[in-house]
Amino acid sequence: MSNKTLDLLDAGQNARVIQVKGKGPSRRRLLEMGMVPGVVLSVTKKAPMGDPVDFKLKGYNLSLRKQEAQMIVVEVTGGVK
Amino acid sequence: MAEKIKVAVAGNPNVGKTTIFNALTGARQKVGNWPGVTVEKKEGTKKHKDHILEIVDLPGTYSLTAYSADEVVARDYILEEKPDVVVQVLDSTNLERNLYLTSQLLEMGTNLVLALNMSDRAETRGDDIDIRRLESLLGVSAIKTAANEGRGINALLDSIVNKTESNPPLPHEIGYGGRVEENICALEEILGSDRELSKNYPSRWMAVKLLEGDENALSKLSSSSIEGKVQNFLSDLDHEEYEVEMADKRYEFIGTLLPQVCTTCAEDVSPSDMVDKVITNKYLGIPIFLTLMWGMFELTFAFATPFMELIDMFFGWLAAAVTSNIETVWLASLLGDGIVAGVGSVLLFVPNIFILFFVIALLESSGYMARAAFIMDRLMYTMGLQGKSFIPMLTGFGCSVPAIMATRTLEDEKDRLITMLVTPFMSCGARLPVYILLAGTFFSRQAGSVIFGLYVLGILVAIVSAKLFRTFIAKGQPSPFIMELPPYTRPSLKDSLQHMWNQGYLYLRKVGTIIVGGVVLIWLLAYFPQGADYGSADSLIGSLGKLIEPLVAPLGFDWKIAVALVFGFVAKEIVVGSLGTLYGTGEGEALSSALVADPGFTPAIALGLMVFTLLYVPCIGAVAVIKKETGSWKWMFFQAAYSTAVAWILALVTIGVGNIVL
Ligand SMILES: Nc1nc2c(ncn2[C@@H]2O[C@H](COP(=O)(O)OP(=O)(O)OP(=O)(O)O)[C@@H](O)[C@H]2O)c(=O)[nH]1
Ligand SMILES: [Mg+2]
């Protein structure tokens, strides 16, 4: 399976986080909230205008703008498009 | 003798800290189903056995590295006030992420009691959490609670007291391994050489924070002897690398712990995800939002009408009783024209206000607020703000004061400033009486649409102003949107009624103090000097009004309106109260017919006055909060001047167009 950045995923897809790029406070916040390499997540929904996107990880829902999601490299593991 | 224990209630946002605090102390602080309800620390006490617990409810925080103003409050309290016991409240259905903060608190060596809250939800889900095991693995006490039902609260109190009687804990260490651990040791050594510092902050904890690049930790060193040395050491390191490794290790630690504590903890597709398929749907999301807003105001009117009729009858009777029973002329006038007419015209709208607060509370406890932020983020982003700004703005439909406080959850200073400056354009409950009176009088059939239109106008002005401020004053990009969406819950009737009463009570108190005062003052000015007709242009208030009339004359407002607007600065309801007093005819129906009879009061003027009231300088309470929260006179004066200028221009346009169309 190919590596992608998180913003490119569709609702219903599952993925595993490979790398969290970028720097600064928002990156650290993402790490603290569990967006660490190895974590498995799924895309639950997108907002009406396609952005932000909501993910399910570690049993809770976390929403990010595509801009932030772009900093996260994932490996798509399945799920329906 | 009773012993005092300082207790802090901390934890991730929206896990039920305030619900626990309320249950512990009997307080009635605000609870709501979105992250960021509590934005300042709240204190309360509780006597338990021989101890007096001084309990502090803190804003939520995901970690001890703080970004937003509310998180800073929480972190500083835990770090600097050194409470005897920290109660960390956890969401039992989301232990993994919640334990991240636990790991940090343990590293700090806090005296920790865990409250595994929302255990009711965990149980319905079928989770079986082995609490004894958790205690022994972490070396802390843990209690299961379901705070909204009051379960586990007594056990929690016992546990807090026991905690102070046992020995203080050793800081719990997470092994980070490899080069991280090497660097921690090296830093610890440097830190250890400053006695004063290592007495205040545990060296290992400090070393960990420094390695993560925590600026607050670094600032604690600013006056110490070793600052240079530490700076030197850190300058060679790549914090970004360490951040990941350390977060990773903490989650790894949690990952090894959790399966031992909870073997059945299930991650299921929650019903909330299903509901969201509709609520945040591509095509339905925004229509649903607008329908909800519209429904909110419809309800406010539909349910209030019968109550309003009762109140109107009561004051009608009271006014008649006053005029027929009191012979002293001035006293009859004070009571009849002044207080009954003035205060009555404001009290008339109490049912609307109560229902409005009730409906807002329903929304707040349902989980919809966070969705509104989610849905609106894209739009807000193009206008220079972010989705989270939308939550304070919605709160602003109730009252601007808590709404401005609520901006503390915004991480970025500029986002926050802009949100504070535009939130007063969201039409608060105090402005509602003005609309109901004027729209009801002049646009009886379309009153509902007129009022809804005013709310929409407020939102538009807020958003366009945000764009202007972002472009010209606080330049830059809106900060990232990173937000947790909590599960939906069925709104609790009890909580919503409680919230309605808290807010409604404040409103009543305002009527009983500021508004009575304002109305009596207006009456005095209208009654004197002796010989002048009551409320005429020759009275004191008439002279005052004539003096300021030129300022609003281009709009077509006469001096009575000018006076009403000036006093409306104290509290916007007074616009109605002072019209009631100045027309000297009582409230409700009587006031309406007096307004219609006044040739200076056309429907266009009424519409312009509503627009002006919506937009001009917010009440004194809101202005004071802007000063306090921005910490600057400059922004306060700017907001006041800007909003009044916008009000003036848009009222002029409204009246101009109104004169042609109406
Ligand atoms: N089912 C259930 N709901 C709870 C429990 N405790 C609190 N709640 C609900 O959870 C939501 C959040 O409660 P709050 O007390 O406002 O949470 P908080 O931690 O103070 O939140 P912030 O101040 O935003 O950080 C509210 O809707 C509560 O009614 C519980 O034990 N069980
Ligand atoms: Mg709270």
Side-chain angles (χ1 to χ4, degrees), chain A residues 5-7 10-14 16-74 77 79-80, chain B residues 62-63 65 67 91 93-97 100-101 104 212-215 239-240 243-244 246-248 250-252 265-270 272-273 276-277 280-286 289 370-371 373-379 381-382 386-387 411 477-487:
Chain A
T5 52
L6 196 48
D7 58 308
D10 288 312
Q13 285 194 298
N14 304 328
R16 178 181 291 111
V17 175
I18 309 265
Q19 190 196 357
V20 184
K21 295 194 291 192
K23 56 179 177 184
S26 43
R27 175 172 183 260
R28 195 184 309 152
R29 176 49 43 98
L30 283 177
L31 293 170
E32 288 164 350
M33 293 182 83
M35 192 67 88
V36 288
V39 78
V40 190
L41 52 78
S42 62
V43 184
T44 52
K45 58 183 170 275
K46 297 189 173 184
M49 283 166 269
D51 195 15
V53 186
D54 184 54
F55 304 97
K56 179 145 250 162
L57 72 152
K58 296 196 185 288
Y60 78 100
N61 290 66
L62 177 66
S63 298
L64 303 178
R65 236 178 250 147
K66 283 189 169 168
Q67 220 174 325
E68 277 75 56
Q70 213 173 8
M71 308 307 284
I72 300 166
V73 184
V74 297
T77 56
V80 283
Chain B
Y62 289 107
S63 83
T65 313
Y67 302 111
D91 176 351
T93 65
N94 188 2
L95 281 180
E96 193 174 355
R97 200 204 59 221
Y100 190 88
L101 179 65
Q104 290 194 318
E212 281 181 308
D214 186 320
E215 271 142 33
H239 292 302
E240 266 87 58
E243 266 168 31
V244 191
M246 294 165 89
D248 201 35
R250 291 201 188 105
Y251 272 113
E252 201 179 290
C265 283
E267 268 185 40
D268 48 356
V269 178
S270 67
S272 291
D273 291 332
D276 267 338
K277 286 220 155 59
T280 64
N281 180 279
K282 192 168 179 180
Y283 303 105
L284 297 177
I286 290 176
F289 170 76
R371 268 71 184 187
F374 178 70
I375 293 171
M376 288 298 170
D377 180 67
R378 184 67 242 185
L379 179 67
Y381 183 76
T382 37
Q386 64 143 311
E411 295 90 351
Q477 286 289 312
S479 65
F481 179 80
I482 301 176
M483 185 164 181
E484 179 185 358
L485 299 185

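Because the structure is a prediction, the values reported are computed rather than measured. Sequence lines set the chain letters: A, B, ... in the order given, protein chains first and strands last, and positions in each chain run from 1.
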When B:Glu484, B:Glu243, B:Met376, B:Lys282 are compared by non-hydrogen pairs under 4.5 Å with chain A, the top option: B:Glu243
Toward chain A, the part of B:Ser479 with a non-hydrogen atom under 4.5 Å: backbone
Any donor-acceptor N/O pair, A:Arg28 side chain to B:Ala247 backbone, under 3.5 Å: no
Which of A:Met33, A:Lys23, A:Met49 touches chain B most, by non-hydrogen pairs under 4.5 Å: A:Met33
Contacting moiety of A:Val17, where chain B heavy atoms sit under 4.5 Å: neither
Contacting region of B:Phe374 [heavy-atom separation from chain A under 4.5 Å]: both
Under 4.5 Å from any heavy atom of chain A - which part of B:Gln386: both
Option that, when pairs with chain B are counted at under 4.5 Å, heavy atom only, ranks first among A:Gln19, A:Lys46, A:Glu32: A:Glu32
Which atoms of B:Asp248 approach chain A - backbone, side chain, both or neither, heavy atom under 4.5 Å: both
Full working for side chain to side chain contact (heavy atoms under 4.5 Å, CB included) between B:Arg378 and B:Thr382: CA-CA 7 Å; B:Arg378 184 67 242 185; B:Thr382 37; 4.0 Å; yes
B:Arg97 charged N/C atom sitting above A:Tyr60 aromatic ring, 6.0 Å / 45°: yes
Toward chain B, the part of A:Gln67 with a non-hydrogen atom under 4.5 Å: side chain
Separation of B:Arg371 CZ from A:Asp54 CG (nearest 0.5 Å): 7.5 Å
Cation over ring face, A:Lys58 and B:Tyr100, 6.0 Å, 45°: no
Derivation of the side chain to side chain contact (heavy atoms under 4.5 Å, CB included) call for B:Ile286 and B:Leu379: CA-CA 11 Å; B:Ile286 290 176; B:Leu379 179 67; over 6 Å; no
Worked check of side chain to side chain contact (heavy atoms under 4.5 Å, CB included) between A:Asp7 and A:Val53: CA-CA 8 Å; A:Asp7 58 308; A:Val53 186; over 6 Å; no
Stepwise side chain to side chain contact (heavy atoms under 4.5 Å, CB included) test for A:Leu6 and A:Phe55: CA-CA 10 Å; A:Leu6 196 48; A:Phe55 304 97; 3.5 Å; yes
Which atom of A:Ala11 lies closest to which atom of A:Thr44, heavy atoms considered: CB-O, 4.2 Å
When B:Pro480, B:Ala370, B:Gly213, B:Gly285 are compared by non-hydrogen pairs under 4.5 Å with chain A, the top option: B:Pro480
Engaged part of B:Tyr381 at the chain A interface, taking heavy atoms whose separation is under 4.5 Å: side chain
Heavy-atom proximity to chain A below 4.5 Å, by part of B:Leu101: neither
Closest-packed option against chain B by number of heavy-atom pairs under 4.5 Å, given A:Gly24, A:Pro25, A:Ser26: A:Pro25
